[in-house]
Structures are given as C-alpha cells and as structure tokens.
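These notes are about the structure you will find just below.
Below, each value reflects all heavy atoms present in this structure, side chains not excepted, and no hydrogens, waters or symmetry copies. We count residues from 1, following the sequence as given.
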Amino acid sequence: EVQLVESGGGLVLAGGSLRLSCAASGFTFDDYNIGWLRQAPGKEREGVSCISRSDGSTYYADSVKGRFTIAFDNTENTVYLQMNNLKPEDTAVYYCAADRGGNMRVYGLDPYEYEHWGQGTQVTVSS
C-alpha cells in the first residue's frame with residue numbers, strides 16, 4: 001500500500017524557514033513522481049513543486065521560485081521541501097503526493113495529476 005506522511009510544518013515568522021519532509025512507504029521513488037501542493041483556507045489546492053522520477057528534474061510555481069527547493073533522499077525514501085524566506089501568503093496546508101506516470105514538466109503542478117496523497121501538514125507564516 002502506498003503511504004505518504006508529511007511532517008515539519010509549524011508556525012514561523014515572515015522571512016523564516018521550514019523544511020517539510022514526506023516519508024514514503026509501500027513504494028520507492030524510482031517508481032513515482034512526487035509533488036508538493038498546498039491549500040490555503042478558501043482557496044483551490046495548488047501545485048508548489050514537483051520532482052520527476054525519470055531524470056530528477058524539478059519544477060516550481062512562480063510564486064515560490066528561488067525560495068523553495070525540492071529534493072530526494074533515496075536512502076531515507078523521503079522527499080524534502082526546503083522553504084526559505086517564507087511569506088504570509090505561503091500559509092496553507094501542505095501535501096505531498098505521488099504520481100506513477102505523466103509529464104511533470106506539463107502536469108507536475110496540477111493537483112489532478114496525483115494518485116496518492118498524504119494527510120497534510122500545516123504551515124503558518126505570521127507577519
């Protein structure tokens with residue numbers, strides 16, 4: 001069974017940093033693309049970043065480029081999202097999700113692309 005468990009969320013001041021973790025079980029990252037997506041209150045779920053299983057290419061939403069970094073740790077079967085220079089508008093529940101196929105360059109930030117989801121972790125950035 002594919003399972004994803006996020007951790008690392010919390011409350012941080014604007015300008016601060018957090019590192020989110022997504023621990024995977026039931027599969028390896030050789031088989032799945034991984035994305036980080038978020039949902040703020042009253043807003044649609046949106047893609048933040050994704051990483052391709054085929055070549056390790058990474059993609060980011062314009063709103064987080066230069067501030068967020070996605071990375072695999074294959075030894076830990078974990079994907080991380082390093083978030084720096086956080087802004088109040090980054091406040092949301094953050095989810096990691098897995099997709100077995102698909103073109104990450106085209107669909108990687110589309111929430112409908114993903115088959116398996118974690119339970120989410122809350123990130124709150126105060127001004």
Side-chain angles (χ1 to χ4, degrees):
E1 180 186 3
V2 173
Q3 288 193 324
L4 300 162
V5 179
E6 302 96 335
S7 61
L11 173 64
V12 65
L13 292 174
S17 298
L18 285 173
R19 188 178 76 159
L20 305 184
S21 301
C22 173
S25 60
F27 72 100
T28 68
F29 293 128
D30 287 343
D31 298 325
Y32 284 83
N33 303 307
I34 300 295
W36 282 99
L37 304 98
R38 67 187 181 187
Q39 188 164 20
K43 294 190 176 181
E44 299 274 327
R45 193 169 294 190
E46 64 176 358
V48 174
S49 180
C50 62
I51 186 164
S52 169
R53 65 180 174 87
S54 63
D55 62 4
S57 295
T58 58
Y59 304 94
Y60 298 92
D62 288 342
S63 59
V64 306
K65 278 181 184 174
R67 300 188 298 122
F68 291 12
T69 303
I70 189 172
F72 280 130
D73 182 339
N74 286 325
T75 61
E76 299 290 333
N77 217 33
T78 299
V79 173
Y80 298 100
L81 185 69
Q82 177 67 41
M83 307 187 295
N84 297 328
N85 190 22
L86 282 159
K87 303 177 181 181
E89 51 263 44
D90 294 318
T91 294
V93 177
Y94 283 71
Y95 300 89
C96 70
D99 162 53
R100 195 172 181 90
N103 184 329
M104 287 290 101
R105 182 178 63 82
V106 177
Y107 301 111
L109 299 182
D110 181 351
Y112 291 99
E113 177 70 12
Y114 293 91
E115 305 150 32
H116 306 283
W117 292 79
Q119 83 289 349
T121 186
Q122 176 71 46
V123 171
T124 303
V125 185
S126 64
S127 57

Flag, side chain of [X] to backbone of [Y], donor-acceptor distance under 3.5 Å:
| X | Y | answer |
| --- | --- | --- |
| Y114 | L109 | no |
| N77 | F27 | yes |
| E6 | T121 | no |

Hydrophobic cluster identity match, [X] and [Y], side-chain contacts under 4.5 Å:
| X | Y | value |
| --- | --- | --- |
| W36 | L86 | yes |
| Y80 | V12 | no |
| L20 | V93 | no |

Requested in this report: Write down the atom of A92, the atom of A40, and the distance for their closest heavy-atom approach.
Outcome: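 Nearest pair, atom of A92 first, then A40: CB-N, 3.8 Å.
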Query raised in the report: Do we see a donor-acceptor contact under 3.5 Å between the side chains of Y94 and R38?
Result: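 Result is yes, a qualifying pair exists.
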Does some side-chain heavy atom of [Y] sit less than 4.5 Å from a side-chain heavy atom of [X]?
| X | Y | value |
| --- | --- | --- |
| Y60 | I70 | yes |
| D30 | R53 | no |
| Y95 | L4 | no |
| M83 | V123 | yes |
| L81 | S49 | yes |

Quick one: pull up [atom1] in [X] and [atom2] in [Y] and give me the separation to the nearest 0.5 Å.
| X | Y | atom1 | atom2 | value |
| --- | --- | --- | --- | --- |
| Q122 | T91 | CD | OG1 | 7.5 Å |
| T124 | L11 | OG1 | CG | 6.0 Å |
| D110 | M104 | CG | CE | 9.0 Å |
| C50 | L37 | SG | CG | 8.5 Å |

Query raised in the report: Quick check, are the ring centers of Y32 and H116 under 6.0 angstrom apart?
Result: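 Centroid separation for Y32 and H116: below 6.0 Å.
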Query - Stepwise side chain to side chain contact (heavy atoms under 4.5 Å, CB included) check, D90 with R67 - result: CA-CA 11 Å; D90 294 318; R67 300 188 298 122; 2.7 Å; yes
Query - Carboxylate-amine/guanidinium contact K65 D62, below 4.0 Å - result: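 Looking at D62 together with K65, the answer is yes, because their closest N to O distance falls below 4.0 Å.
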Query raised in the report: Crowded around Y59 OH? As in, over 12 foreign heavy atoms under 6.0 Å?
Result: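 Buried by this count: over 12 neighbours within 6.0 Å.
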